[in-house]
Colleague: 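Take this structure, written in structure tokens, and hold onto it; I'll ask about it next.
Because the structure is a prediction, the values reported are computed rather than measured. Whatever order the structure lists ligands and atoms in, that order sets their numbers, starting from 1.
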Amino acid sequence: MRVLSGIQPSGALHIGNYFAMMRPMIKYQEENELFCFIVNYHALTTVQDKNRLAQGTMDAILDFLALGLDPERSIFYVQADVPEVCELTWILNNHTSMGLLERATSYKDKIAKGFIPHAGLFEYPVLMAADILLYQAHIVPVGRDQKQHLEMTRDIAIKFNNTYGETFVLPEARIEDDSAVIPGIDGQKMSKSYDNTLNIFADEKNLRKKIMSIVTDSTPVEMPKNPDKCNLYALLSLFLNQNEKKELADRYLAGGLGYGKVKQELFERMWEYFTPHRRKREQLTQNIGAIRDIMKRGAEKARQAAFPTLQQVRDRVGLNY
Ligand code: ADP
Ligand code: TRP
């Protein structure tokens with residue numbers, strides 16, 4: 001199976017990204033052909049600051065490598081290092097109705113949040129479709145918020161296949177049940193754009209401060225508490241096995257458990273979980289030249305994989321004469 005997914009370098013990566021997308025991707029590399037990439041063209045729709053975009057891209061690369069992505073086993077690259085994706089985007093644009101894009105909830109959400117409604121933001125799903133279709137991916141691991149984008153990708157591919165004959169594989173979203181929507185410290189969906197994240201590689205002081213500010217209800221310590229309605233429970237659960245989750249739920253239901261204690265446990269678990277990766281990341285940071293070489297090789301491999309599809313598409317639509 002060809003498994004593919006990308007992540008935006010639009011801010012520090014957080015545990016929502018990790019459990020929903022990064023960890024599954026790293027697992028998939030064991031038995032599949034994996035395409036993993038940093039979508040800097042997509043990030044340009046909201047990050048319009050040279051240093052922030054460039055640094056965010058390098059940080060996301062380091063994060064992935066430190067968390068265990070193996071660039072020898074997988075094809076790991078930066079989206080804009082394979083600019084052919086823009087050519088496919090342009091071709092797909094001409095087979096994508098305005099109505100389809102107008103229904104995109106992510107576009108409407110971003111406008112509601114005050115982002116400038118420029119063409120890039122509107123086009124975002126077509127570029128994402130090109131990312132996926134260019135490599136003929138079968139499976140796309142994502143969080144639930146990306147489900148609609150995957151449906152749009154399939155719609156665009158079906159339309160193209162119907163017009164010109166079978167060209168694209170129809171990809172499927174793969175959404176993990178227990179990490180489909182991970183809450184942020186304010187109880188909304190955790191997101192880089194809501195300032196409510198627990199960052200994978202936050203420093204100790206900062207992480208502690210963030211965890212201590214997780215919003216909980218005002219049930220007194222001695223009273224029983226409902227684990228299913230508690231975002232703190234949901235966050236700590238990410239780091240627990242089935243038995244530990246059950247034990248924690250029992251402690252909630254029994255009463256006498258303060259949220260401060262649970263926050264302390266979350267801090268310890270999360271800090272410990274990422275400790276080996278933090279060390280690896282520090283090592284990687286010592287040799288950025290080697291990282292650039294890795295990404296260059298990744299882009300070459302991706303470009304080779306993209307070439308036959310792009311040629312076929314150019315041919316089918318009549319760009320080759
Ligand atoms: P963000 O919303 O923080 O900007 P991205 O849009 O870059 O994150 O998402 C990268 C990947 O992580 C996507 O597959 C997305 O679905 C997933 N993801 C992001 N936040 C969450 C979350 N809170 N819960 C589950 N999945 C998430
Ligand atoms: N839109 C995705 C997100 O915000 C990122 C993305 C871009 C992506 N291209 C992709 C995800 C291709 C999967 C496949 O998370």
Colleague: Near ligand 1, which residues have a heavy atom under 4.0 Å away from one of its atoms?
Modeller: I7, Q8, H14, G16, N17, A20, M21, V142, G143, D145, Q146, S179, A180, V181, I182, K189, M190, S191, K192
Colleague: Please work out, at 4.0 Å between heavy atoms, whether the side chain, the backbone, both, or neither of V140 comes within that distance of ligand 2.
Modeller: side chain
Colleague: Which ligand 2 atoms, with their elements, are less than 4.0 angstrom from a heavy-atom of I132?
Modeller: 12 (C), 14 (C)
Colleague: For the residue pair Y18 / Y273, report whether a side-chain donor-acceptor contact shorter than 3.5 Å exists.
Modeller: yes
Colleague: May I ask whether I75 and I291 are part of the same hydrophobic cluster, defined by side-chain heavy atoms of I, L, V, M, F, W, Y residues being less than 4.5 angstrom apart, directly or through others?
Modeller: no
Colleague: Short question: side chain of N40, backbone of A80 - any donor-acceptor pair under 3.5 Å?
Modeller: yes
Colleague: Using ring centroids (six-membered ring only for Trp), state whether Y252 and Y233 fall under 6.0 Å.
Modeller: yes
Colleague: List for me each residue that meets ring pair (Phe, Tyr, Trp, His ring centres under 6.0 Å) alongside Y164, sequence neighbours excluded, and say none if there are none.
Modeller: H95, F160
Colleague: H42 heavy atoms, cut-off 4.0 Å: which ligand 2 atoms fall inside?
Modeller: 7 (C), 9 (N)
Colleague: Is it the case that ligand 2 has an N or O less than 3.5 angstrom from some N or O of S5?
Modeller: no
Colleague: Please determine if E176 and K27 form a salt bridge, counting it only when a charged side-chain N lies under 4.0 Å from a carboxylate O.
Modeller: no
Colleague: Mind checking whether I38 and F201 sit in one hydrophobic cluster, side chains of I, L, V, M, F, W, Y counted as touching below 4.5 Å?
Modeller: yes
Colleague: Other than L53, which residues form its hydrophobic cluster under the rule that side-chain heavy atoms must be closer than 4.5 Å?
Modeller: L44, V47
Colleague: Please check whether D131 reaches ligand 2 - meaning an N/O of the residue sits under 3.5 Å from an N/O of the ligand, judged on distance alone.
Modeller: yes
Colleague: Enumerate the atoms of ligand 2 whose separation from the nearest heavy atom of Q146 is less than 4.0 angstrom.
Modeller: 1 (N), 2 (C), 3 (C), 4 (O), 15 (O)
Colleague: Go through the structure and list residues passing ring pair (Phe, Tyr, Trp, His ring centres under 6.0 Å) with Y77, not counting sequence neighbours.
Modeller: F37, Y135
Colleague: Can a donor-acceptor pair be found between the side chains of Q55 and D59 at a distance below 3.5 Å?
Modeller: yes
Colleague: For Y124, take its heavy atoms, then give the atoms of ligand 2 lying under 4.0 Å from any of them.
Modeller: 1 (N), 2 (C), 3 (C), 4 (O), 5 (C)
Colleague: Atoms of ligand 2 less than 4.0 Å from G6 heavy atoms?
Modeller: 5 (C), 6 (C), 8 (C), 11 (C), 13 (C), 14 (C)
Colleague: For ligand 2, note which part of F37 has a heavy atom under 4.0 Å away: side chain, backbone, both or neither.
Modeller: side chain
Colleague: Report, in ascending order of atom number, the atoms of ligand 2 lying under 4.0 Å from any heavy atom of L4.
Modeller: 14 (C)
Colleague: Please classify the Q79 to ligand 2 contact at 4.0 Å (heavy-atom distances, strictly less than): side chain, backbone, both or neither.
Modeller: neither
Colleague: Would you kindly say whether Q188 and N196 are connected by a side-chain donor-acceptor distance under 3.5 Å?
Modeller: no
